[in-house]
Amino acid sequence: SGSAATVAPLLMQVDELSKRSTAMKARLDNLPAVIFTASADDPLPSNVQAEQVTSAYHLLTSEQTLLQEYKRSVQTSITHLRDVLKEHVEIFQCTDARMAENAARLPTVIALHQKAGVQEEEG
């Protein structure tokens, strides 16, 4: 069905989003912490290189923007899937109730069927 087809890609997207955000966090964690805590007025320590600041800037702007867009897309898919799932659960519950209703009729029908069978033999 259409809903089953949307589950697999969504699982892969969530996985991908998780991997990419984890990788980004690791890259940020590898940069000197002072980059993220320093005041713009304070001079950075000499052990901090300009390219580390550039790297942090790139990660937190362009990389983060791409991740945010991807996250929105995944969120939309999740919302859609939740709606589809809710609808299918409701259909299932209605079907379940109908089946229970049908099953409840069985004993009476069995009794009537047996009675009819007995009458046929007698007749």
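These numbers come from the heavy atoms of this one structure, side chains and all, not from hydrogens, waters or symmetry mates.
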Could you identify which residues cluster with I110, counting Ile, Leu, Val, Met, Phe, Trp and Tyr as linked when any side-chain heavy atoms lie under 4.5 Å apart, either directly or through a chain of such contacts?
-> L106
Could you tabulate the donor-acceptor pairs under 3.5 Å formed by side-chain atoms of residues 91-98, not counting sequence neighbours?
unit_1	atom_1	unit_2	atom_2	d
T95	OG1	I91	O	2.8

Atom pair [atom1]/[atom2] of [X] and [Y] - distance to nearest 0.5 Å:
X	Y	atom1	atom2	value
S18	Q13	OG	CD	13.5 Å
Q64	M24	CD	CE	4.0 Å
L28	L60	CG	CG	5.0 Å
D15	M12	CG	CE	8.5 Å
L112	Q119	CG	CD	9.5 Å

Atom pairs and distances, donor-acceptor, side-chain atoms in residues 43-55, under 3.5 Å, two or more places apart:
unit_1	atom_1	unit_2	atom_2	d
Q52	OE1	Q49	N	2.9
T54	OG1	A50	O	3.0

Salt bridge (charged side-chain N to carboxylate O under 4.0 Å, His left out) partners of residues 103-118, not counting sequence neighbours, each pair once = E101-R105
So salt bridge (charged side-chain N to carboxylate O under 4.0 Å, His left out) across residues 25-37, not counting sequence neighbours, yields K25-D29
What are the two closest non-hydrogen atoms of P107 and A104, and how far apart are they?
-> CD-O, 3.4 Å
Only distances under 3.5 Å count here; give the side-chain donor-acceptor pairs of residues 66-79 to other protein atoms, sequence neighbours excluded, each with its distance to 0.1 Å.
unit_1	atom_1	unit_2	atom_2	d
T76	OG1	R72	O	2.9
S77	OG	S73	O	3.2
T79	OG1	Q75	O	2.9

K86: partners by salt bridge (Lys or Arg N to Asp or Glu O under 4.0 Å), with sequence neighbours left out | E90
Residues two or more places apart in sequence or in another chain: which of them pass salt bridge (Lys or Arg N to Asp or Glu O under 4.0 Å) with D42?
-> none
Spell out, yes or no, whether V7 and L10 are grouped together once hydrophobic residues are joined by side-chain heavy atoms under 4.5 Å, including indirect joins.
-> yes
Can you hop from L31 to Y57 via hydrophobic side chains spaced under 4.5 Å?
-> no
side-chain hydrogen bond (donor to acceptor under 3.5 Å, both in side chains) involving H80 - partner list, sequence neighbours excluded = none
Quick one: does L17's side chain get under 4.5 Å of V14's, heavy atoms only?
-> no
